*Asks:* 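After the structure tokens below, expect a handful of questions from me.
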Amino acid sequence: MSNSFDKPYNPKDVEEKIYEFWEKSGYFNPDNSPQNSELKSQSFSIVVPPPNITGSLHMGHALNATIQDILIRKKRMEGYKTLWLPGTDHAGIATQNVVEKDLKKQGISRHDLGKEKFLEKIWEWKEKYGHIILNQFKKLGASMDWSRTRFTMDPDYQEAVKKVFLHYHEKGWMYKAERIVNWCSRCATSLSDLELEYKEVESSLYYIKYPIKSDPKLRIHPNDPNEPEYITVATTRPETMLGDSAVAVNPKDEKYKSLVGKTLILPIMEREIPIVSDFLIDASFGTGAVKVTPAHDFTDAEIGERNKLEIHKIIGQNGRMTSEAGAICDGLKISECREKVIEELQKLNLIEKIEPYKHNVAVCYRCDTVIEPLPSLQWFLKMGELAKMAIDEVKSGRVKFHPQKWEGVYLNWLENVKDWCVSRQIWWGHKVPLLKCASCDEFLIEPKIKSHWFIIRHGETDWNKEQRWMGHEEIPLNETGRKQAKEAAGQLKGKNIDLIISSDLARCKETAEIIAEELKAELIFDTALRERHGGIAQGTTKDERITKLGEHLVNALGTYEGKPEGGESWQDLEKRVLESFNRHKSDHKHKNVIIVSHGGSIRMLKKNINNLSFEDAKQNVPKNTEITELLISEEKCKKCDSDILTPENDVLDTWFSSALWPFATLGWPDSKDFKDFYPTQVLSTARDIINLWVARMIFSGVEFTGKQPFSDVIIHATILTKDGKRMSKSLGTGIDPMTLIEKYGADATRFGLIWQAMGGQDIHWAEEHVMAGKKFCNKIWNATRFVLQQIKDIKIQNTEYQIQDTNLSEADKQILEKFKNTKESVSNQIDAFEFGQALHDLYEFFWKDFCDVYLEASKQQLTTDNQKQTTQQILFYVLASSIKLLHPFMPFITEEIWQNLPAHHSFSEGGTVENKKALIVENWQ
RNA sequence: GGGUGAUUAGCUCAGGGGUAGAGCGUUUCCUCGACACGGAAAAGGCCACAGGUCCAAAUCCUGUAUCACCCACCA
């Protein structure tokens with residue numbers, strides 16, 4: 001250590017050097033630090049809330065890290081086996097978005113790269129930038145055990161996630177279901193409720209008239225001219241009317257009572273829909289009658305379920321209208337569709353009025369895109385039992401929140417929680433470890449996959465557009481068709497295709513050739529993959545067929561056995577393509593294969609692969625170049641003996657893996673660290689993830705280890721701007737802690753943060769307190785300079801002074817008394833997580849009592865012979881002891897000073913002069 | 001719509017039935033052997049508003065207003 005005590009104190013000369021000193025000492029690692037013999041078996045551990053690898057340190061992180069460091073440093077000095085475990089979170093959607101944006105600068109999308117390559121890019125990105133935030137923790141002085149750094153995508157962590165998922169699956173708590181979920185069309189994934197944000201928008205409330213079916217038999221008072229001819233509904237989303245399956249009113253609403261059960265004609269769609277009653281309807285809103293769109297609204301879905309209403313999916317996952325929305329809206333963006341619908345309704349004179357209306361819309365917390373509720377197939381975790389466990393942990397007091405008021409937030413959420421949608425349709429994340437059998441509902445656990453097969457329909461032809469039966473006619477692709485083929489090839493890039501097997505008819509042949517060219521794969525043809533032969537029906541549209549053959553015969557063609565003259569039946573087709581598929585499958589089982597075929601043939605293949613009824617299979621016409629992926633498995637389904645599995649591309653919600661953080665990082669289920677350090681003691685975090693993270697850690701901990709993962713949860717203050725607004729990067733109102741450290745030093749920054757963190761109250765950030773911290777550093781530094789000058793030539797003795805000692809002056813007694821009190825109160829305050837108060841008291845003591853009063857008094861006493869020695873000893877004792885108390889708050893300057901003090905003793909160990917220790921492991925008492 | 005909290009010196013905040021406190025800022029004086037990133041002093045507040053309880057209210061109670069954050073998301 002340097003012994004240059006220059007003024008003023010300059011943190012830049014000290015901080016880097018001291019941090020290196022600590023790292024070299026190995027004391028951050030509990031295996032190396034000296035433990036107090038009395039406490040040998042007791043450990044104290046905290047796992048850091050893992051920051052996202054995309055993140056950089058913000059004020060909240062800095063405050064939180066300082067809080068944890070204070071606790072950790074004090075416990076370490078007290079002799080506990082102390083571990084503070086660092087790490088980072090893979091942060092699924094957030095990271096994927098960041099890397100996507102990064103690639104976009106080079107004009108590349110993730111689809112250009114393909115999944116495997118894109119994931120490689122993310123790993124590269126993580127290696128390059130993922131540790132930035134950890135280094136920033138170091139700058140702040142965080143005494144984390146870097147040798148135990150974890151990442152939520154580490155191999156053993158992935159194992160833990162898998163184990164947890166399968167455990168839930170076995171318990172029957174994990175299920176896959178089609179439900180309405182929050183869908184972000186930009187991220188193309190589902191989101192949990194907690195991942196939404198709400199924005200107020202100025203929009204309109206549309207009052208739309210739905211005509212009541214004018215069947216005289218349905219009229220209650222046939223002769224009453226006042227009986228209404230329509231019912232008016234109010235909506236902010238007129239476009240969703242295309243998917244309406246009812247109008248609902250409150251059962252107690254007298255106004256509408258007589259209309260329940262009647263039938264309406266849904267405008268534009270010309271569909272008959274019922275009027276139903278449901279208690280969820282608020283009679284006082286709008287007209288009291290509400291349109292019900294079960295596919296695209298959470299409340300409506302509930303009403304739909306209760307009333308057994310039809311579901312019309314009119315909005316697709318790409319954020320555009322589907323074909324179910326009707327010909328005039330198919331393919332339109334939602335906003336375009338809204339205009340179109342209003343235009344149509346106005347033409348029909350069915351808009352009663354339009355009122356301006358303010359309301360909230362849900363947006364994606366990552367990309368701000370408006371969320372569409374829509375039905376999709378997702379994995380859910382049943383929350384019933386888990387929520388009960390989590391509630392019990394807190395109600396029993398095994399887990400305590402500080403401040404306690406946050407228990408309310410926690411309990412309120414858990415008591416109303418719905419099942420957790422844990423799947424996400426993105427690429428970066430933990431995989432679902434199950435694959436579903438293609439032909440039944442059995443799941444296989446991580447089966448070995450021999451090969452990937454893709455079935456693809458040919459591109460568009462002109463006859464497709466005219467809906468002419470092509471059969472075996474040689475129709476070439478049109479321009480759209482060729483483009484589609486190219487795009488499909490792009491999607492299949494990176495799938496390591498070995499072989500393409502195609503029908504030899506022109507439209508397939510061309511498609512296959514384009515794909516083969518792009519993928520450089522071998523191409524063979526098989527006449528058995530041809531389309532159903534249409535005989536005399538070939539080349540006709542449906543209308544032409546009816547004219548030519550008569551309706552009765554045409555209907556017969558749609559049956560399983562029916563065949564046109566000179567053509568094939570569906571049954572014939574099925575037999576032929578299935579035989580072909582099975583032959584190729586056994587010939588090429590270890591090759592990745594693309595089969596290019598036709599709409600009819602593919603339907604018959606799928607009938608067998610997916611074990612569908614003939615009718616279901618026939619209904620499900622693949623679009624041009626639509627790709628179906630199949631996995632050929634080593635092992636067969638136990639239930640139905642099939643070896644074809646459906647791909648599972650979903651990954652898990654980031655929070656599913658972070659929920660395991662306190663034990664998965666410690667080598668659960670069985671390791672020395674897990675035994676030594678689990679459960680941890682304290683978790684310190686921000687309030688906005690109480691439910692997102694803390695609640696889920698608590699039930700995961702209990703379910704998998706039988707113990708609460710931590711006993712105290714500190715919810716630290718939120719740091720706001722001076723005006724009390726949320727700090728935001730995009731608005732430029734955020735403050736970078738690194739700038740503060742650069743400007744004032746890490747100790748001053750920590751001082752400023754903790755100084756303002758009183759009682760968990762939100763902090764309106766004021767930089768002047770960091771300035772005060774810097775001045776305080778200087779004060780400590782200079783007080784040390786003074787004391788060192790005064791004790792140059794003396795030998796330091798044990799200084800356990802009795803305050804009653806008659807040799808002591810009033811000033812001596814007072815400072816010793818005050819120090820004793822301060823030491824006690826600071827210890828207690830840290831243990832009670834009252835860090836701000838502890839720091840205020842320390843500041844007050846050191847500056848006022850020690851410097852302003854005692855130090856000044858000592859100047860006089862030092863000139864008096866019979867007081868000199870005692871004064872010297874007291875000066876040293878109080879200074880050195882204060883340095884210890886200050887160390888958790890301001891570690892750098894205190895360690896630097898400690899290293900410059902003369903050989904001294906550990907005050908609690910009987911006053912023997914020991915070899916100098918690092919302050920970080922000095923005895924607290 | 002529901003909840004939680006805040007409202008005290010110019011600014012950021014402590015306090016909590018009985019003379020109103022800190023940091024920063026402001027003013028005056030002080031370069032005296034720790035420190036001018038300092039010292040000594042000083043100015044500055046009907047403690048949001050209105051009622052109530054009490055001998056006594058900034059503090060407890062009830063309302064009101066404003067601000068903030070969280071939860072819900074009802075067309």
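Computed from a prediction, not measured in an experiment: that's the story for all the values here. Letters A, B, ... mirror the listed sequences (proteins, then strands); counts begin at 1.
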*Asks:* By side chain to side chain contact (heavy atoms under 4.5 Å, CB included), which residues pair with A/Ala783, not counting sequence neighbours?
*Replies:*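 So A/Ala783 forms a side chain to side chain contact (heavy atoms under 4.5 Å, CB included) with A/Phe846, A/Cys851, A/Leu855.
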*Asks:* Can you name the ring pair (Phe, Tyr, Trp, His ring centres under 6.0 Å) partners of A/Phe401, sequence neighbours left out?
*Replies:*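 Scan of A/Phe401 (ring pair (Phe, Tyr, Trp, His ring centres under 6.0 Å), adjacent residues dropped) gives A/Tyr410.
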*Asks:* Roughly how far apart, to the nearest Å, are B/U7 and B/A14 at atom P?
*Replies:*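 Each nucleotide's P atom is 7 Å from the other's.
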*Asks:* For A/Ile303, does its backbone N or O pair with a side-chain atom of A/Asn307 as donor and acceptor, under 3.5 Å?
*Replies:*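 Between the backbone of A/Ile303 and the side chain of A/Asn307 there is a qualifying donor-acceptor contact (under 3.5 Å).
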*Asks:* Compute the ring centroids of A/Phe850 and A/Phe819, then answer whether they are less than 6.0 Å apart.
*Replies:*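 Not under 6.0 Å, so no.
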*Asks:* It should be established whether A/His764 places a side-chain nitrogen or oxygen under 4.0 Å from OP1 or OP2 of nucleotide B/A68.
*Replies:*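 Result: no.
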*Asks:* Within residues 233-249 of chain A, find the residues that approach RNA chain B with a heavy atom at under 4.0 Å, and present them sorted by residue number.
*Replies:*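 Under 4.0 Å from RNA chain B: A/Ala234, A/Thr235, A/Thr236.
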*Asks:* How many whole angstroms separate atom CH2 of A/Trp765 from atom C1' of B/U12?
*Replies:*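 Atom-to-atom, A/Trp765 to B/U12, this comes out as 11 Å.
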*Asks:* When you compare the protein's N or O atoms with those of nucleotides 19-21 of chain B, which come within less than 3.5 Å of each other, and at what distance?
*Replies:*
none

*Asks:* List the atom pairs, donor and acceptor, that lie under 3.5 Å between side-chain atoms in residues 770-780 of chain A and the rest of the protein, sequence neighbours left out.
*Replies:*
residue: A/Asn778; atom: OD1; partner: A/Asn782; partner atom: ND2; Å: 3.2

*Asks:* Please list, chain by chain and in numerical order, all residues satisfying side chain to side chain contact (heavy atoms under 4.5 Å, CB included) with A/Pro211, sequence neighbours excluded.
*Replies:*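 Testing A/Pro211 for side chain to side chain contact (heavy atoms under 4.5 Å, CB included), a comparison that skips the adjacent residues, returns A/Pro267, A/Leu350.
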*Asks:* Regarding A/Arg750 and the six-membered ring of A/Trp755, is the cationic atom NZ or CZ under 6.0 Å from the ring centre and inside 45° of its axis?
*Replies:*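 Not flagged: A/Arg750 not positioned over aromatic ring of A/Trp755.
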*Asks:* Which of residues 743-752 of chain A have a heavy atom under 4.0 Å from RNA chain B?
*Replies:*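 Of all residues in residues 743-752 of chain A, none places a heavy atom under 4.0 Å from RNA chain B.
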*Asks:* Centre of A/Phe786's six-membered ring, under 6.0 Å away, within 45 degrees of the axis: is that where NZ or CZ of A/Lys859 sits?
*Replies:*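 Judged by the rule (NZ or CZ under 6.0 Å from the ring centre, within 45° of its axis), A/Lys859 counts as positioned above A/Phe786.
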*Asks:* Distance check needed: B/C70 C1' versus A/Trp413 CH2, whole Å only.
*Replies:*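 In whole Å, B/C70 C1' lies 14 Å from A/Trp413 CH2.
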*Asks:* Go through the structure and list residues passing ring pair (Phe, Tyr, Trp, His ring centres under 6.0 Å) with A/His764, not counting sequence neighbours.
*Replies:*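 By the ring pair (Phe, Tyr, Trp, His ring centres under 6.0 Å) rule, A/His764 matches no residue at all.
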*Asks:* Can you tell me the distance, in whole Å, between the CD1 atom of A/Ile690 and the P atom of B/C71?
*Replies:*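 Nearest whole value for this atom pair: 9 Å.
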*Asks:* Any stems for RNA chain B, made of 3 or more Watson-Crick or G-U pairs in a row, each with both distances under 3.5 Å?
*Replies:*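 So far as stems of 3 or more pairs are concerned, RNA chain B shows B:1-7 with B:65-71, B:10-13 with B:21-24, B:26-30 with B:38-42, B:48-52 with B:60-64.
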*Asks:* When you measure from the side-chain N and O atoms of A/Arg726 to the phosphate of B/C70, is any distance below 4.0 Å, counting only OP1 and OP2?
*Replies:*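 It does, given that an N or O in the side chain of A/Arg726 lies less than 4.0 Å from OP1 or OP2 of B/C70.
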*Asks:* Any base atoms under 4.0 Å from A/Gln756, or only sugar-phosphate, or nothing? Heavy atoms, all strands.
*Replies:*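 It contacts sugar-phosphate atoms only.
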*Asks:* Would you please name every residue forming a side chain to side chain contact (heavy atoms under 4.5 Å, CB included) with A/Pro294, sequence neighbours left out?
*Replies:*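 In terms of side chain to side chain contact (heavy atoms under 4.5 Å, CB included), with neighbours along the sequence ignored, A/Pro294 is linked to A/Ser245, A/Val292, A/Leu309, A/Ile311.
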*Asks:* Below 3.5 Å between N/O atoms, which protein atoms pair up with nucleotides 5-7 of chain B? Just atom names and distances, please.
*Replies:*
residue: B/G5; atom: O2'; partner: A/Gln761; partner atom: NE2; Å: 2.6

*Asks:* When you check every protein heavy atom under 4.0 Å of nucleotides 22-38 of chain B, what one-letter string (B, S, -) results, 5' to 3'?
*Replies:* SBSS--------BB-BS
*Asks:* Choose from B/C11, B/A14, B/C71 the nucleotide whose nearest atom is closest to any side-chain atom of A/Met758.
*Replies:*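 Between B/C11, B/A14, B/C71, the one nearest the side chain of A/Met758 would be B/A14.
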